[in-house]
> 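Have a look at this one before I ask anything.
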2 protein chains.
Amino acid sequence: MKNRNCIIRLSRYKTALYRLKALGFVKVFSDNLAEAIGVMPSQVRKDFSLFGISGKKRGGYHIDALIERLNEILGKDKVHTVIIVGCGHIGSALMKYRKFEDGGIKIAAGFDIDPAKHAQDADIPVFPIDRVKPFIKEHNVELAIIAVPDIAAQQVADMLISAGIKGILNFAPIRLRCPEGSIAHNINLELELENLIYFVNVLKKKRVNPDETENA
Amino acid sequence: MKNRNCIIRLSRYKTALYRLKALGFVKVFSDNLAEAIGVMPSQVRKDFSLFGISGKKRGGYHIDALIERLNEILGKDKVHTVIIVGCGHIGSALMKYRKFEDGGIKIAAGFDIDPAKHAQDADIPVFPIDRVKPFIKEHNVELAIIAVPDIAAQQVADMLISAGIKGILNFAPIRLRCPEGSIAHNINLELELENLIYFVNVLKKKRVNPDETENA
DNA sequence: AGTATTTTGTGAAAAATTTCACATTTCATT
DNA sequence: AATGAAATGTGAAATTTTTCACAAAATACT
Ligand SMILES: NC(=O)c1ccc[n+]([C@@H]2O[C@H](COP(=O)([O-])OP(=O)(O)OC[C@H]3O[C@@H](n4cnc5c(N)ncnc54)[C@H](O)[C@@H]3O)[C@@H](O)[C@H]2O)c1
Ligand SMILES: NC(=O)c1ccc[n+]([C@@H]2O[C@H](COP(=O)([O-])OP(=O)(O)OC[C@H]3O[C@@H](n4cnc5c(N)ncnc54)[C@H](O)[C@@H]3O)[C@@H](O)[C@H]2O)c1
């Protein structure tokens, strides 16, 4: 029911709603949202009913109220503080990304083992890794992004969790294990590319032989 | 049946197999793979049977043969050339990532609209954006990574597809539309963080009130 | 060689997710 | 105020995906 895909759809509805709002719309119907994110209108209504979101028959949903409700459900009604561990290529790209802040995600600091990466006076400071535990405790940080090499990732994750981190977004190409009470989501870009390659091949086979292949 | 999740699992099995192989294993059973990627053994066997992969009863699967077969299914039995459009923070992080090449994914060049990003003599060169069409045609490139600002992304995608690109991995936070015969996968990092935030909140509610909440 | 044990491969069952379909409500128009 | 059209909310149906469970095969052991 309230599975990962459903939550992802809620985020997508929200993105679509912000765009519709910017376009001047005040209310929206399930088919507008369905069209925007590429699902059936009944899916939109089912998702909403799962969270007790209701609109008005014939009147649809009020955009502002809907955005507010979705933000509340998604926990985006307050600012979330995140730290980044591993300020190499990916880590520093993320640190420089300003749009997270617009979305209520504040990157408080970076941490790295390499002194060359340290920048304690920068806009978003980068501290030595041994400062991470006290930092997490002092600032009550619950979220971390891991962008260290794969061999170090599990060890870093364990350390962060022991310091109080509850949620990790991991870019190292391994599946992080974590104990009850904490959670890790893994982003594996090579896997994403591999996946894309597979579906491009399916597509090509379909062109050559439209019958023998099935849909992607 | 052969849905996206199934293909993702195949990639994961492959990763696990490489690790098991490096550890000295020669054969593997469905429960080893299941344990490694966190699914049921019957899921592993079902996935394999879907692609006509078979092992030996009581003997399991031969790791080398299995890796080879998976690579073949996933289209990883040859090197794939990729270009990157938009060599800003994310784009250049990806260009500097050496492990793609180990996995048979070769980043041939980058393209950017900003002359300050151009580097025609670099290891992986960065060319002006107007060179991208001839490059795609000349080198028969089918895959592209888009890492331009969101407002430019759809336009860039259309251009790439018209030049012959079949598969796009998109980092801009919009859902790219593309015509029949081409495919785009979207990576939305803010959505991933939002999703993580939701599940961390579910976790916290569960701690406070173990009954009223359901599993993540 | 024969027996016991382990593991696959796969239909069938179960579970999860999506889609349908329609009664009900609301809004617009006359 | 009455009528008609449009959109929601939701059980039920359909579809998809996962898990079960067990017969058949391969290996190990005696
Ligand atoms: N760069 C990419 O495009 C890309 C793509 C896919 C996956 N990844 C993955 O993301 C991770 C980071 O990649 P990258 O390219 O940024 O690598 P990188 O080498 O540029 O950065 C890694 C950083 O982590 C730091 N580090 C190492 N061990 C540490 C520790 N124990 N504690 C704190 N910091 C530590 C290093 O000093 C370095 O600054 C890797 O796991 C990589 O496989 C990167
Ligand atoms: N940096 C991140 O951590 C991050 C995180 C999430 C999402 N993203 C998304 O990834 C994309 C890139 O982000 P970034 O931080 O690397 O931005 P950036 O501004 O650093 O880089 C964008 C690059 O694209 C180039 N560009 C702009 N228009 C172009 C065009 N028409 N053709 C070719 N090149 C063009 C720019 O010159 C620039 O070099 C954005 O859509 C952003 O929303 C980035």
Side-chain angles (χ1 to χ4, degrees), chain A residues 1-13 16-17 20 25-67 69-70 73 195 198-199 202 213-216, chain B residues 1-13 16-17 20 25-67 69-70 73 195 198-199 202 213-216:
Chain A
M1 273 248 190
K2 294 178 190 177
N3 65 114
R4 182 139 198 272
N5 287 336
C6 174
I7 305 305
I8 287 176
R9 284 195 301 270
L10 292 193
S11 281
R12 296 211 165 116
Y13 297 142
L17 285 167
L20 290 168
F25 288 88
V26 169
K27 62 185 190 177
V28 70
F29 304 114
S30 60
D31 37 347
N32 305 138
L33 285 173
E35 155 72 17
I37 82 158
V39 299
M40 296 273 114
S42 53
Q43 177 80 85
V44 177
R45 299 198 297 275
K46 186 67 92 180
D47 285 341
F48 287 179
S49 92
L50 227 53
F51 290 93
I53 295 175
S54 57
K56 271 187 186 167
K57 299 192 199 239
R58 174 105 205 228
Y61 305 85
H62 189 74
I63 290 186
D64 282 332
L66 189 47
I67 288 177
R69 188 75 189 87
L70 288 175
I73 289 166
N195 204 242
Y198 176 83
F199 285 108
V202 169
T213 46
E214 62 269 72
N215 57 321
Chain B
M1 276 249 187
K2 294 177 191 178
N3 66 116
R4 182 140 197 273
N5 288 335
C6 173
I7 305 305
I8 287 176
R9 285 195 301 268
L10 293 193
S11 282
R12 297 213 165 116
Y13 297 141
L17 285 167
L20 290 168
F25 289 87
V26 170
K27 61 184 190 178
V28 71
F29 304 115
S30 60
D31 36 347
N32 304 139
L33 285 174
E35 155 71 19
I37 82 158
V39 298
M40 296 273 111
S42 53
Q43 178 80 86
V44 177
R45 300 199 298 274
K46 187 67 96 181
D47 285 341
F48 286 179
S49 91
L50 229 52
F51 289 92
I53 294 175
S54 57
K56 270 187 186 169
K57 299 189 197 230
R58 176 109 203 219
Y61 304 86
H62 189 76
I63 291 187
D64 282 331
L66 189 48
I67 289 177
R69 188 76 188 85
L70 288 175
I73 289 167
N195 204 242
Y198 175 85
F199 286 108
V202 168
T213 47
E214 61 271 76
N215 57 322

> For A:Ile7 and C:dT17, what is the distance between atoms CD1 and P respectively, to the nearest whole Å?
11 Å
> Rounded to whole Å, please give me the gap between CG in A:Asn5 and C1' in D:dT17.
12 Å
> So how far is it from B:Phe199 CZ to A:Ile7 CD1, rounded to the nearest 0.5 Å?
5.0 Å
> Atom CG of B:Asp31 and atom P of D:dT19: how far apart are they, to the nearest Å?
15 Å
> By nearest atom, which of the nucleotides C:dT18, D:dA24, D:dA7 is closest to the B:Lys57 side chain?
D:dA24
> Just to confirm, is there a sub-4.0 Å distance from OP1 or OP2 of D:dC20 to any side-chain nitrogen or oxygen of B:Ser42?
no
> Would you check, one step at a time, whether the test side-chain contact (heavy atoms from CB on, under 4.5 Å) holds for B:Phe48 with B:Leu33?
CA-CA 11 Å; B:Phe48 286 179; B:Leu33 285 174; 3.8 Å; yes
> Across the strands shown, which category fits A:Phe48 at heavy-atom distances under 4.0 angstrom: base, sugar-phosphate, nothing?
nothing
> Output yes when at least one side-chain N/O atom of B:Ser49 is less than 4.0 Å from OP1 or OP2 of C:dG9, else no.
no
> How many whole angstroms separate atom CE of B:Met40 from atom P of D:dA21?
12 Å
> Is there a side-chain contact between A:Ile8 and B:Tyr198 (heavy atoms, below 4.5 Å)?
no
> Return the nearest nucleotide to the side chain of B:Arg58; candidates are D:dA28, C:dT19, D:dT8.
D:dA28
> Output the rounded distance in Å from CZ (A:Phe51) to P (D:dT10).
15 Å
> Is there a donor-acceptor pair under 3.5 Å between the side chain of B:Asn32 and the backbone N or O of B:Phe29?
yes
> Reading DNA chain D from 5' onward, which residue's closest nucleotide shows up sooner: B:Lys46 or B:Lys27?
B:Lys46
> Taking the side chain as every heavy atom from C-beta outward, state whether A:Ile53 and A:Leu70 have any atom pair closer than 4.5 Å.
yes
> On DNA chain C, nearest-nucleotide positions of B:Ile53 versus A:Asp47: which is more 5'?
B:Ile53
> Provide, to the nearest angstrom, the distance between the CD atom belonging to A:Gln43 and the C1' atom belonging to D:dG9.
14 Å
> Rounded to the nearest Å, what distance is computed from the CG atom of residue B:Leu66 to the P atom of nucleotide C:dG9?
11 Å
> Could you give the NE2-to-P distance, from A:His62 to C:dC27, as a whole number of Å?
13 Å
> Side-chain N or O of A:Lys56 less than 4.0 angstrom from OP1 or OP2 on D:dA7?
no
> Considering heavy-atom distances to DNA chain C, does A:Gly59 or A:Arg4 have its closest nucleotide positioned more toward the 5' end?
A:Arg4
> Look at the side-chain N and O atoms of A:Arg9 and state whether any lies under 4.0 Å from the OP1 or OP2 oxygen of C:dT18.
yes
> Is there a side-chain polar atom (N or O) of B:Asn3 under 4.0 Å from OP1 or OP2 of D:dT17?
yes
> Nearest to the side chain of A:Arg45, heavy atoms from C-beta on, is which of D:dG11, D:dT8, C:dT8?
D:dT8
> For the residue pair B:Asp47 and B:Tyr13, establish whether any side-chain heavy-atom pair is separated by less than 4.5 Å.
yes
> Tell me whether the side-chain N/O atoms of B:Tyr61 come closer than 4.0 Å to OP1 or OP2 in C:dG9.
yes
